[in-house]
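All chains are named by letter (A, B, ...) in the order of the sequence lines, taking the proteins before the strands, and each is independently numbered beginning at 1. Quick note: numbers below take in every heavy atom, side chains included, and nothing from hydrogens, waters or symmetry partners.
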Amino acid sequence: MTDLKRALGEVVEAAFAAIGAPPELGRVTPSDRPDLADFQSNGALAAAKRLGRNPREIATAVVEQLAGDPRLAAVEIAGPGFINLKVASGALSERANGLAADPRLGAETVAAPRRVLVDYGGPNVAKPMHVGHLRASIIGESIKRLYRFRGDEVIGDAHFGDWGYQMGLLIGAVMDESPAIRTLVEAANAAGAAPADLSPLEAVSLADLDRLYPEAAAKGKADTDYRDRARRITAGLQSKQAGYYALWERFRAVTQVALERDFHALGVDFDWWKGESDVEDLIGPMVTELDAMGLLVDDQGARIIRVTRDGDKRELPPLLVVSSEGSAMYGTTDLATILDRKRQFDPHLVIYCVDQRQADHFEIVFRAACQAGYAAEGQLEHVGFGTMNGTDGKPFKTREGGVLKLNDMIEMTRDKARARLREAGLGEDMTPEEFEDIAGKVAVAALKFADLQNFRGTSYVFDLDRFTSFEGKTGPYLLYQAVRVKSLLRRAAAEGFDQGPVTVAEPAERDLVLTLDAFDAALTEAYDRYAPNALAEHAYRLSQAFSKFYAACPMLSAEPVVRSSRLTLAGATLRQLELALDLLGISVPERM
RNA sequence: GCGCCCGUAGCUCAACCGGAUAGAGCAUCCGCCUUCUAAGCGGACGGUUGCAGGUUCGAGUCCUGCCGGGCGCGCCA
């Protein structure tokens with residue numbers, strides 16, 4: 001089912017072709033001047049330049065070709081040669097009926113589905129997630145849902161940071177603190193078998209790890225012996241010594257519980273919980289293979305891959321594959337992960353939803369992967385995002401200056417949502433469970449919509465009061481609109497009112513149908529540019545268009561034919577809005 | 001030093017291959033609830049798109065320089 005924009009585009013493109021102009025110039029876009037038209041084509045101006053003719057003359061010739069199209073109520077030339085198209089009400093009604101009958105509400109699927117892997121979230125073992133993980137989770141989840149909805153086969157991978165020197169540091173620190181654990185780990189290492197009784201490990205909590213890690217990291221920097229011990233432990237873990245491994249598994253387990261709680265609270269879930277540890281065994285053979293390909297170069301005692309290319313504006317650092325001390329580096333693991341994913345899933349596209357600051361790192365890794373033949377040019381995409389800042393414009397910190405834990409942020413937002421609901425006098429007739437459910441949904445909507453309404457590349461200011469406001473361009477406003485339609489439809493159903501064929505008559509109805517029609521264009525843009533904000537914008541516009549329609553066009557009290565037409569519009573709006581919100585990772589309660 | 005990103009209304013942000021009068025929300029002011037959830041709707045106010053040049057019929061968008069801000073620049077991840 002084609003939207004009006006594209007259907008009209010085809011007609012105008014054909015008209016351009018008919019007069020000997022490049023057809024692609026006939027592209028139709030929503031009008032910049034809604035007072036004059038619904039759609040416009042600017043191509044006559046460009047065609048005039050190419051053909052050396054007068055733009056208005058070309059526009060006139062094109063308009064003649066369009067004459068008689070029943071979908072067009074008016075075709076006019078304005079200004080220097082803009083072609084303005086006004087859609088006939090009949091065509092709008094027909095389009096509305098098509099949308100209402102379409103389970104996808106006008107959304108197309110991609111012509112050639114791909115296998116796509118979305119790498120997002122990026123939690124670390126032993127460290128609670130903090131606000132920095134929020135954007136990756138929100139944006140990544142939305143991109144995953146969007147790609148899947150458009151027909152691609154999509155895997156979301158949390159890509160756990162669960163390996164390396166940091167683990168060695170922590171194992172040492174935990175053993176220092178707990179003699180019981182030290183005894184257990186050392187015994188298991190000596191025995192070469194997993195401990196029979198794991199119960200002493202249960203004392204290890206995420207809070208302990210979170211407390212110990214910064215101390216251990218600091219000590220490791222200052223104290224050479226301490227660092228060397230951590231490295232030995234790391235090596236022991238990597239060779240899977242039973243005691244270290246058992247303790248590490250405990251780290252993973254306690255972390256995952258907290259991560260799942262946070263992700264669940266945000267409505268984020270993954271298909272894969274793979275981590276750096278999963279590719280550990282691949283690294284040795286991969287290095288051998290890279291060496292055999294002749295890609296590895298010895299440099300200052302390390303083994304590197306040079307990735308500079310002709311035309312680079314500056315010299316990009318090489319990929320450090322093996323450090324001078326013989327260990328694999330961050331980029332090595334990333335490269336091995338690319339190889340692993342190729343073997344496991346053979347993706348056409350891997351989307352890395354990671355902070356923009358890692359742009360250079362990914363460029364280096366991607367180039368190396370292409371050189372090694374682990375991926376083709378364009379198959380690896382770093383979808384970077386900006387930072388979330390405090391009201392002072394600097395990266396967000398707590399009042400004490402520390403990093404805010406994600407769980408605390410979610411809790412703060414929930415508190416705010418509860419307070420807002422109570423202020424509005426809502427929830428008094430609800431069970432505590434329902435109230436909590438709604439508060440949770442309002443909080444998630446507030447956080448996610450505040451994030452996703454901005455283009456991902458730009459940084460934005462975190463302002464909880466603004467995000468949780470029920471007024472204006474916020475998540476709670478969108479939920480309110482959706483809930484209002486639900487309430488209306490419930491009443492209509494209770495009265496036994498049916499939905500029926502749409503007849504577009506009022507201006508508010510025209511605008512609503514035109515907005516509904518723009519859904520696929522928003523999805524396409526969001527998909528092509530990895531830009532959920534295009535979809536967020538559409539959801540907001542749809543809500544606004546509906547709200548105007550709601551104010552201008554009474555339903556329950558209207559004549560039966562008008563009523564059934566408007567109820568169909570309301571129903572289609574609700575379904576498209578809920579769908580758009582779902583693709584943003586936002587779910588709508590039944591009532592508020 | 002080199003490189004990347006950013007600079008749009010008082011504030012927070014948009015702007016679809018370069019198109020008409022640069023749009024929303026908040027804030028401020030004025031209207032609208034005995035009728036479907038007013039968490040809403042209508043209206044007003046608010047701009048030399050950091051500055052200076054250039055390309056173009058046309059520039060927030062492309063190019064050059066400058067000013068201001070953020071970030072990154074091999075043995076952490």
Phosphate OP1/OP2 of B:U35: any A:Tyr550 side-chain N/O under 4.0 Å: no
Below 4.0 angstrom from OP1 or OP2 of B:A15, is there any side-chain N or O of A:Asn533? yes
Can you find an N or O donor on one side and an acceptor on the other, under 3.5 Å apart, linking the side chain of A:Ser324 with the base of B:C75? yes
Classify the side chain of A:Asp162 and the base of B:A77 as holding, or not holding, a donor-acceptor pair under 3.5 Å. no
Would you kindly say whether A:Gln481 and A:Arg484 are connected by a side-chain donor-acceptor distance under 3.5 Å? yes
A:His382 vs A:Phe362 aromatic rings, parallel, tilted or perpendicular, using cut-offs 30° and 60°? tilted
Would A:Phe82 count as stacked on B:A20 if the rule is ring centres under 5.5 Å and plane angle under 30°? yes
Looking only at B:C36, B:C26, B:A20, the nucleotide nearest the A:Glu471 side chain is B:C26
Under a 3.5 Å limit on both distances, the Watson-Crick or wobble mate of B:A59 is none
Got a second to check how far A:Phe467's CZ is from A:Gln453's CD, nearest 0.5 Å? 8.0 Å
Is it the case that B:A24 (base atoms only) and A:Gln544 (side chain only) share a donor and an acceptor within less than 3.5 Å, ignoring hydrogens and angles? no
Compare side-chain N and O positions of A:Arg491 against OP1 and OP2 of B:U37 and report whether any pair is under 4.0 Å apart. yes
Scanning all shown strands, the Watson-Crick or wobble mate of B:A22 with both distances under 3.5 Å is none
Only pairs with both distances under 3.5 Å count, Watson-Crick or wobble alike; so what is the partner of B:C41 in this structure? B:G31
Is B:C33 in the syn or the anti form, by the rule that syn lies within 90° of 0? syn
Taking atom types as they are modelled, is there a donor-acceptor pair under 3.5 Å from the base of B:C16 to the side chain of A:Arg529? no
Closest to the A:Glu276 side chain, choosing from B:G3, B:A14, B:A77: B:A77
Minimum-distance nucleotide to A:Ala302 side chain [options: B:G74, B:A20, B:C76]: B:G74
What about A:Asp360: does its side chain form a donor-acceptor pair under 3.5 Å with the base of B:G3? no
A:Arg252 CZ to A:Phe160 CZ distance, which is reported to the nearest 0.5 Å: 5.0 Å
Please state whether the phosphate of B:U35, meaning OP1 or OP2, lies under 4.0 angstrom from any side-chain nitrogen or oxygen of A:Ser557. no
Report which part of the nucleic acid A:Ala46 touches: base, sugar-phosphate, or nothing (heavy-atom distance under 4.0 Å, all strands). base
